[in-house]
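Presented below is the structure to which this report refers.
Small disclaimer: the values here were computed from a predicted structure and weren't measured. Here, residue 1 is the first one in the sequence, and each next residue gets the next number. Every number for a ligand or one of its atoms is a count from 1 in the order of the listing.
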Amino acid sequence: MSQLSKIGVIGAGHMGSGIAQKIAQEGMQVVLVDIRQSAVDKGLSGIRHLLEGGVKRGLFTPDKVETILSHITGTTDIREVADADIVIEAVFEDKAVKTALFKSLDEVCEESTIFATNTSSFYVHEFANQTRRPDRFIGLHYFFHPAKNKLLEIIPHDTTSPKTLETAKTFAVRHGKVAIVVKDSPGFAVNRFFVPSSNEAARMLEQGMGNIATIEAASKQAFGIGMGSFEILNVTGIPLAVHASQSLGSELGLFYDTPDMMRTQMETGKDWDLADGPVEEDKIPAIVDRFYSVCLGAAASLVDEGVATMEDVNLGAKIGLRWREGPFEIMNRIGIDKACQVVEAAVKRYPGFTMPKILADQKAKGQPFEFQLVTLEKKQVVAWITINRPDAMNALNEAVFRQLEQAFDTAENDPDVQAIVFQGAGKTFVAGADIQFFVDRIKAGRIDHIETFTKKGHDLLWKIENSPKKTIALLDGLSLGGGSEMALACRYIVATPAGSMGLPETGIGIVPGLGGMLRMARRVGPALARYFVFTGQILSAQDAFDLGIVHCIVDSGEIEAAIRKITDMPDNGDKYAPKEIPDRFAPMADLFAGTQVSGWDHAPAPVKKMLDRKSPKALAMANEIMTAQQGLTMEAALACELDCLKDLFSSADAFEGLSAAASHRKPVFTGK
Ligand SMILES: NC(=O)c1ccc[n+]([C@@H]2O[C@H](COP(=O)([O-])OP(=O)(O)OC[C@H]3O[C@@H](n4cnc5c(N)ncnc54)[C@H](O)[C@@H]3O)[C@@H](O)[C@H]2O)c1
């Protein structure tokens, strides 16, 4: 696997400069090339300007800005990318310009360099096949603004090698992107259903279904977005939308083609007038249905054609377009019958557009779509289980537990599998459980559902804990609550420097509910475990390594080798065997050596401040449970934790803490 230490970006315009910025922010070296020195200078000063804006908003320190900028070299000489691991092309959307560029790059670059195109409207294979390295050629389609928008469409063409695809996926994670893999096809995945939404807005205006203000309001309501269809067109530029719809229309037909009114508006050179009249509320439902008819229809068609999976289409909409829900989630919400009905209307309106099979089949089943939130991939003797909800920081919910268990059972029953790795998609491992689920269940008076859910989680973690295979948690990002508890249940934890753990539940009025208090106490002793549970203090990968919780810390390029090493070595004994705790943790352990839950006035100010923010009720319960668990067998200690669940979730502090977390406000605890 390439080290991905040097990346070339060609074209320092809107996209190229943003792509270079993001790569540099994530610590890789970038060479940014343009044909004109003035464009290089403009690109670099734009990056500086954006980063300095980040300093004002507290995102970066001035030193960090200088470090990021030091990772970027601007030049007009493409020979400077000769030894890059990947070269990403982001020049004008002109076939001849791009083809000529790739021919020059082919002459200049080393054999191993991978080429990527950021084209929006051409096929990737058209460029790949003009080079001597079609196997090392791939599409990387970024979304504006590429330093901020996390979505990346990865587009292998027919002869892209598996190794190139793997490197592209690794590169995506390395620079903080959520990647979806998409077939080399017109509009790829997201533009395929986004372009019809802009087109339909213009067509509805043309047909007098409402004024701009009303259609704008309806689009916001339909997709849960802050900026409606017309404002997006104004911001991104009407010519770009005309170009995108023209190229999709020429490949896929009238349904995708540019509406007359869009072309006319472009010719005026003016933006749409967003305040062209009052919002007519009574017209909104019909307009929402029209938006759904084209977007849901296009999304279902592209899945039918094997362009992308349902789950990736949902992710593309939520991450790339910032929709509140993905198209298939919208279909589930409005009901499959209703989804079929609105899409049927589009089928009647647009000759050549047919009812997608996936939708018709789902209607026949009479059930909502079920999404694959957990995937299982076997690579030789290692099973990789990935929680794939990066839009929700891979939070655990009923479906995730169910699918995790299925994947785990399959891996465990496979005689060839020696190790089972758990990882999270994107930059988070698992950020805990779905808090809204708890709030909804408490409100509905169904704490028994929370008990069933938690019991399922306990059973799964117990299976993981006792598996005859080597279970490995790959902590390559944040893990919180249930995520950290899951990692603690594994036999080994491999972390990257970005990995972390934390049990912050007492800050939201509850306690770690999946055996984390017990497992932490068995790993680091009860006093230090109390410190981590009571304060919610995050353990960095280094802290966890020093405490013997993490087996090794490796850079992301070395993960597979580390997993391989663990798989091949003899098991190294009991993970709960007593270990030496480094001196730097002694003061924290001393502070919590007793079992009191109040009277911490003598604690250092930072610790006291952390404790003051916690629920007194949750602290008392955590203390009670942790005290009771000492001296019990693992099974009895876990049962003791489950026994307290009803009491805990019936408390006022739990409801307050969970509701506050769900609505992103500070909780006000009463200790009741
Ligand atoms: N703008 C978007 O929202 C968006 C989104 C996704 C993909 N894209 C694609 O990204 C690419 C770039 O778009 P943009 O909006 O950044 O364009 P842009 O016009 O802002 O920038 C293009 C840059 O490429 C440079 N350039 C042209 N030919 C070159 C060559 N042979 N060698 C080096 N530099 C050269 C130009 O000088 C210019 O600075 C296009 O293919 C576009 O379709 C754009």
Side-chain angles (χ1 to χ4, degrees), residues 8-23 30-47 50 73-82 84 87-109 115-124 126-128 130-131 138-155 177 179-180 182 184 186-192 194-195 198 227 232-248 316 319-322:
V9 177
I10 319 285
H14 293 99
M15 295 303 288
S17 59
I19 295 168
Q21 175 184 335
K22 181 63 183 160
I23 296 168
V30 199
V31 178
L32 180 61
V33 186
D34 205 289
I35 25 171
R36 294 173 292 125
Q37 185 59 45
S38 58
V40 174
D41 295 341
K42 191 170 168 215
L44 291 176
S45 65
I47 295 173
L50 272 181
T73 313
T75 178
T76 55
D77 183 356
I78 65 161
R79 285 171 303 185
E80 298 222 13
V81 301
V87 174
I88 303 161
E89 164 281 308
V91 303
F92 298 138
E93 189 70 354
D94 178 311
K95 203 181 274 187
V97 173
K98 287 187 193 282
T99 306
L101 171 69
F102 280 120
K103 279 190 184 302
S104 312
L105 285 169
D106 219 9
E107 297 301 322
V108 164
C109 290
F115 290 172
T117 174
N118 182 41
T119 182
S120 300
S121 55
F122 300 117
Y123 285 101
V124 172
E126 289 185 71
F127 303 117
Q130 304 276 333
T131 68
I138 200 156
L140 291 181
H141 188 230
Y142 289 82
F143 288 76
F144 193 78
H145 185 289
K148 296 179 186 163
N149 193 317
K150 287 194 168 170
L151 187 68
L152 180 64
E153 289 180 325
I154 298 186
I155 308 129
K177 295 288 170 187
I180 61 174
V182 181
D184 190 14
F188 309 129
V190 171
N191 280 343
R192 178 81 184 265
F194 171 68
V195 168
S198 315
M227 217 190 256
I232 295 175
L233 283 166
N234 286 349
V235 169
T236 53
I238 301 171
L240 203 73
V242 169
H243 177 77
S245 51
Q246 250 170 3
S247 74
L248 269 188
I319 296 175
L321 304 177
R322 302 198 170 90

Tell me the closest heavy-atom pair linking Glu93 and Ser121, and the distance in Å. OE2-OG, 2.6 Å
Shortest non-hydrogen separation from Val195 to Ala244 and the atoms involved: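 Result for this residue pair: CG2-CB, 4.0 Å.
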Tell me which protein heavy atom sits closest to [atom], plus the residue, atom name and distance to 0.1 Å.
atom	answer
atom 8 (N) of ligand 1	Ser120 OG, 3.3 Å
atom 44 (C) of ligand 1	Met15 CG, 3.3 Å
atom 9 (C) of ligand 1	Asn118 O, 3.3 Å
atom 38 (C) of ligand 1	Asp34 OD2, 3.4 Å
atom 41 (O) of ligand 1	Glu93 OE1, 2.4 Å
atom 20 (O) of ligand 1	His14 ND1, 2.8 Å

Under 4.0 Å from a heavy atom of [X]: give me the atoms of ligand 1 that qualify, with their elements.
X	value
Ile10	32 (N), 33 (C)
Val97	28 (N)
Phe144	3 (O)
Tyr142	5 (C), 6 (C)
His141	6 (C), 7 (C)
Lys98	40 (C), 41 (O)
Gly13	16 (O), 20 (O), 21 (O), 23 (C), 39 (O)
Ala90	11 (C), 12 (C), 22 (C), 24 (O)

Please confirm whether Phe143 and His145 have ring centers closer than 6.0 angstrom.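 Ring centroids of Phe143 and His145 are no less than 6.0 Å from each other.
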Considering both backbone and side-chain atoms of Ile35, is one of its nitrogen or oxygen atoms within less than 3.5 Å of a nitrogen or oxygen in ligand 1?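 Between Ile35 and ligand 1 (N or O atoms, distance only) the closest approach is under 3.5 Å.
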Would you say atom 17 (O) of ligand 1 touches the protein, meaning some protein heavy atom is under 4.0 Å from it?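 Answer no: nothing from the protein, no heavy atom, is under 4.0 Å.
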Treating [X] as the side-chain partner and [Y] as the backbone partner, does any N or O pair qualify as donor plus acceptor under 3.5 Å?
X	Y	answer
Asn118	Ile88	no
Glu126	Tyr123	yes
Glu89	Val91	yes
Glu80	Thr75	no

Could you check whether any side-chain heavy atom of His141 comes within less than 4.5 Å of a side-chain heavy atom of Ser120, counting everything from C-beta outward?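 Yes, close enough: below the 4.5 Å cut-off.
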Minimum side-chain heavy-atom gap Leu140-Leu152 below 4.5 Å: yes
Against Val81, only a single residue in Val9, Val30, Val31 fulfils side-chain contact (heavy atoms from CB on, under 4.5 Å); can you say which? Val31
Tell me the nearest of Thr236, Val91, Thr119 to atom 40 (C) of ligand 1, using heavy-atom distances. Val91
Assign the ring pair Phe102 / Phe127 to parallel, tilted or perpendicular, where the plane angle (0 to 90°) is split at 30° and 60°.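 The arrangement is tilted - the two ring planes meet at 30° to 60°.
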